[in-house]
Amino acid sequence: MFAERFGTEPIGTWSSPGRVNLIGEHTDYNDGFVLPFAIQHRTHVALAPRTDGVFRVRVASTFDDATAELPLDALDVVFPDQRDDVPEWARYPLGVAWALLAASGTDPADVAGVDLAFASDVPVGAGLSSSAAIEGATAVALADTWDIELDRVALAKVGRRAENEAVGAPTGIMDQMASLLGRADAAIFLDCRSLEAVVVDLGFAEAGLELVVIDTGVKHSHATGGYGERRAACERGAAALGVPALRDVSVDDLPRLAELVDDVTFRRVRHVVTENQRVLDTVRTLREQGPTAIGDLLVASHTSMRDDFEISVPELDTAVEAALSAGALGARMTGGGFGGAAIALVAHDKVAAVRDAATAAFADAGFAAPTIFTVTPSAGAARD
């Protein structure tokens with residue numbers, strides 16, 4: 001595709017994975033705790049510096065037949081105020097180029113123009129962070145090519161800024177950190193305030209467990225209203241309690257909050273506060289008892305997202321209920337909500353039963369058939 005679109009050969013390819021969040025939903029932008037892991041599905045980018053003296057960034061992809069491009073010295077003009085002039089998919093890589101130059105203090109006149117072509121097997125809209133995979137692949141490819149020396153945490157911040165400002169999606173930093181810091185057979189226990197990341201062994205294979213993803217096919221977009229409304233409710237709750245973020249609120253503070261805010265705001269906050277505790281409990285349980293003991297925490301997380309945060313949809317609830325009925329140890333929706341995928345922790349010999357139960361339940365409900373697959377904790381962004 002690179003050769004077809006640009007008429008030259010790339011100097012190499014880089015890639016970055018999608019992620020599954022095992023637990024800790026909508027806690028990241030509240031300075032809380034999350035426990036994601038990188039998966040084997042990746043976005044790849046082929047790159048070549050331009051040799052014609054034209055200082056532009058051109059991007060092509062399997063997502064769109066059109067090629068998008070911007071002059072390097074125009075990135076600061078387009079982002080963030082004129083981003084709507086750029087196709088939405090192209091805002092991710094072009095936004096990373098903009099944020100990377102800014103974060104490193106690099107003058108656009110000091111780097112070469114580049115051509116980039118993207119292909120991905122990370123399901124789009126499934127809650128597996130196809131966006132962070134694009135951002136991570138772009139960040140490591142451009143940093144290598146432009147000799148920009150930023151560590152992985154700094155590159156994650158670049159990706160977050162691109163998503164927040166160039167794309168306009170008010171997400172936290174969990175997805176970018178998981179995509180850039182992922183390790184095989186492990187999750188990343190991330191403190192979203194300090195950005196301290198600790199590798200936590202999962203031990204799924206040793207315990208005979210698989211993590212099954214049930215992609216409902218219901219597409220979502222973080223740049224649309226529901227996500228932003230939830231974030232605003234969290235900010236209202238923190239302000240009512242006089243704290244910087246919901247990270248500073250404990251379960252014991254909830255009765256007082258109930259007297260200060262409306263019911264909807266209270267329930268949004270209750271989800272985040274109890275979800276933070278569930279992340280801590282999950283890490284402790286993994287270390288002390290192993291992965292077979294975390295199922296109830298996954299189920300409690302889904303219940304909270306369904307009832308308090310109200311970001312589930314009937315297809316996600318059906319997937320979770322079907323998986324549990326077929327013997328899954330635990331199940332929950334994963335990702336930002338309003339569609340996407342559910343995950344189920346399943347003994348290896350029950351994977352087929354869970355797949356059959358979910359497929360049958362979707363058919364009985366009149367839903368389109370889900371896409372069901374297993375994911376493996378995998379390594380983060382790298383040159384291929």
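Hydrogens, waters and symmetry mates are skipped; everything else that's a heavy atom, side chains included, is used. The first residue in the sequence is number 1, and the count goes up from there.
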Original post:
When clusters are formed by joining ILVMFWY residues with side-chain heavy atoms under 4.5 Å apart, either directly or through shared neighbours, do Met177 and Val198 land in the same one?
Top reply: no

Original post:
Counting distance only, does the side-chain N/O of Asn164 pair as donor-acceptor with the main-chain N or O of Ala169 below 3.5 Å?
Top reply: yes

**OP:** Would you check, one step at a time, whether the test side chain to side chain contact (heavy atoms under 4.5 Å, CB included) holds for Leu70 with Val86?
**Re:** CA-CA 9 Å; Leu70 285 174; Val86 179; 4.1 Å; yes

Original post:
If you measure from CG on Leu75 to CZ on Arg56, what distance do you get to the nearest 0.5 Å?
Top reply: 10.0 Å

**OP:** On the 0 to 90° scale, with breaks at 30° and 60°, tag the Phe204-Phe37 ring pair as parallel, tilted or perpendicular.
**Re:** perpendicular

**OP:** Would you indicate whether the side-chain heavy atoms of Ser15 and Val45 approach each other to under 4.5 Å?
**Re:** no

Subject >> Asp121 vs His44, side-chain hydrogen bond (donor to acceptor under 3.5 Å, both in side chains): CA-CA, chis, key distance, verdict >> reply: CA-CA 9 Å; Asp121 65 3; His44 298 262; 5.7 Å; no

Original post:
Any ion pair linking Arg91 and Glu88 (charged N to carboxylate O, less than 4.0 Å)?
Top reply: no

Original post:
Below 4.5 Å, heavy atoms only, C-beta onward: do Val158 and Arg161 meet side chain to side chain?
Top reply: no

Original post:
Nearest 0.5 Å, what's the CG-CG distance between Leu101 and Asp107?
Top reply: 8.5 Å

Which atom pairs, one a donor and one an acceptor, fall under 3.5 Å between side chains of residues 234-245 and the rest of the protein, sequence neighbours left out?
residue : atom : partner : partner atom : Å
Arg236  : NE   : Thr265  : OG1          : 3.4
Arg236  : NH2  : Thr265  : OG1          : 3.1

Original post:
Of the options Leu142, Asp115, Thr13, which is the one that meets Leu47 in a side-chain contact (heavy atoms from CB on, under 4.5 Å)?
Top reply: Leu142

Original post:
Can you tell me how far the CG atom of Leu155 sits from the CZ atom of Arg152, to the nearest 0.5 Å?
Top reply: 6.5 Å

Original post:
When rounded to the nearest 0.5 angstrom, what distance separates CG in Leu316 from CD1 in Ile214?
Top reply: 9.5 Å

Subject >> Residue Gln82 excluded, over 12 heavy atoms near CD under 6.0 Å >> reply: yes

Original post:
Closest approach of Phe6 and Ala60, non-hydrogen atoms and distance?
Top reply: CZ-CB, 3.8 Å

**OP:** Starting from the C-alpha separation in whole Å, work towards a yes-or-no answer on side chain to side chain contact (heavy atoms under 4.5 Å, CB included) for Ser16 and Glu135.
**Re:** CA-CA 8 Å; Ser16 190; Glu135 292 155 8; over 6 Å; no

Subject >> Ring geometry between Trp98 and Phe79 (parallel below 30°, tilted from 30 to 60°, perpendicular above 60°) >> reply: tilted

Original post:
Does Arg267 CZ have over 12 foreign heavy atoms under 6.0 Å away?
Top reply: yes

**OP:** Evaluate the ring planes of Tyr227 and Tyr29, with Trp represented by its six-membered ring, and classify them as parallel (under 30°), tilted (30 to 60°) or perpendicular (over 60°).
**Re:** tilted

Original post:
Salt bridge check: are Asp52 and Arg50 linked by an N-O gap of less than 4.0 Å?
Top reply: yes

Original post:
For Val299, does its backbone N or O pair with a side-chain atom of Thr303 as donor and acceptor, under 3.5 Å?
Top reply: yes

Original post:
About how many Å separate CD of Gln40 and CZ of Phe373, when rounded to the nearest 0.5 Å?
Top reply: 8.0 Å

Original post:
Is Ile343 reachable from Val354 through a run of hydrophobic residues whose side-chain heavy atoms are each under 4.5 Å from the next?
Top reply: no

Original post:
Hey, does the side chain of Thr145 reach the backbone of Ala141 with a donor-acceptor pair shorter than 3.5 angstrom?
Top reply: yes

Original post:
Hey, are Asp281 and Arg278 close enough for a salt bridge, meaning a charged N less than 4.0 Å from a carboxylate O?
Top reply: no

Original post:
Is the Phe367 ring parallel, tilted or perpendicular to the Phe362 ring (thresholds 30°, 60°)?
Top reply: perpendicular

Original post:
Cluster question for you: counting only ILVMFWY and a side-chain heavy-atom cut-off of under 4.5 Å, with indirect links fine, are Leu195 and Leu181 together?
Top reply: yes

Original post:
Taking it one step at a time, do Val272 and Phe309 satisfy side chain to side chain contact (heavy atoms under 4.5 Å, CB included)?
Top reply: CA-CA 8 Å; Val272 173; Phe309 224 59; 3.9 Å; yes

Original post:
Is there a side-chain contact between Val122 and Pro17, using heavy atoms and a 4.5 Å cut-off?
Top reply: no

Subject >> Nearest non-hydrogen partners of Lys350 and Gly327, listed with the distance >> reply: CD-O, 3.9 Å

Subject >> Candidate pair Thr285 and Thr282, rule side chain to side chain contact (heavy atoms under 4.5 Å, CB included), full reasoning >> reply: CA-CA 5 Å; Thr285 302; Thr282 299; 5.7 Å; no

Original post:
Got Tyr92 and Leu94 here, is their nearest side-chain heavy-atom distance under 4.5 Å?
Top reply: no

Original post:
Ignoring hydrogens and geometry, is there a side-chain-to-backbone donor-acceptor pair from Asp201 to Gly203 under 3.5 Å?
Top reply: no

Original post:
Quick one: do Glu25 and Arg230 make a salt bridge, cutoff under 4.0 Å?
Top reply: no

**OP:** Looking only at non-hydrogen atoms, find the nearest pair between Met1 and Ala117 and report the distance.
**Re:** CE-CB, 3.5 Å

**OP:** Please check if the side chain of Arg160 supplies one atom and the backbone of Thr171 the other of a donor-acceptor pair under 3.5 Å.
**Re:** no

**OP:** Without swapping roles, check the side chain of Thr216 against the backbone of Gly340 for a donor-acceptor pair under 3.5 Å.
**Re:** yes

Subject >> Atom pair CZ (Arg332) and NE2 (His302), whose distance is rounded to the nearest 0.5 Å >> reply: 9.5 Å

Original post:
So do the side chains of Phe63 and Ile134 get within less than 4.5 Å of each other, counting heavy atoms only?
Top reply: yes

Original post:
Out of curiosity, does Val200 fall in the hydrophobic cluster containing Leu190 (side-chain heavy atoms, cut-off under 4.5 Å, transitive links)?
Top reply: no

Original post:
Between Ser250 and Val273, what is the shortest heavy-atom contact and its length?
Top reply: C-CG1, 3.5 Å

Original post:
Hey, mind stepping through Ser304 and Glu275 against side-chain hydrogen bond (donor to acceptor under 3.5 Å, both in side chains) and telling me if it holds?
Top reply: CA-CA 8 Å; Ser304 181; Glu275 185 81 344; 5.2 Å; no

Subject >> Exercise: identify the closest heavy-atom pair between Gly95 and Ala166 >> reply: CA-CB, 3.6 Å

**OP:** For the residue pair Ile23 and Leu35, establish whether any side-chain heavy-atom pair is separated by less than 4.5 Å.
**Re:** yes

**OP:** Determine, for Arg268 against Asp262, whether the closest basic-nitrogen to carboxylate-oxygen distance falls under 4.0 angstrom.
**Re:** no

**OP:** Check step by step if salt bridge (Lys or Arg N to Asp or Glu O under 4.0 Å) holds for Asp253 and Arg270.
**Re:** CA-CA 10 Å; Asp253 294 320; Arg270 181 168 63 185; over 6 Å; no

Original post:
Going by atom types alone, do Asn21 and Thr334 pair a side-chain donor with an acceptor below 3.5 Å?
Top reply: no

Subject >> Within-4.5 Å side-chain heavy-atom neighbours: Met174 and Arg19 >> reply: yes

Original post:
Between Asp31 and Arg247, is there a side-chain N and carboxylate O pair less than 4.0 Å apart?
Top reply: no

**OP:** Only pairs at least two apart or in different chains count here, so list each side chain to side chain donor-acceptor pair (under 3.5 Å) that has a residue in residues 352-381.
**Re:** none

**OP:** Please name the pair of heavy atoms, one in Asn276 and one in Gly32, separated by the smallest distance, quoted to 0.1 Å.
**Re:** OD1-CA, 3.3 Å

Original post:
Same cluster or not: are Val20 and Val320 linked, directly or through other Ile, Leu, Val, Met, Phe, Trp or Tyr residues, by side-chain heavy atoms under 4.5 angstrom apart?
Top reply: no

Original post:
Going by heavy atoms in the side chains, are His271 and Asp307 under 4.5 Å from each other?
Top reply: no

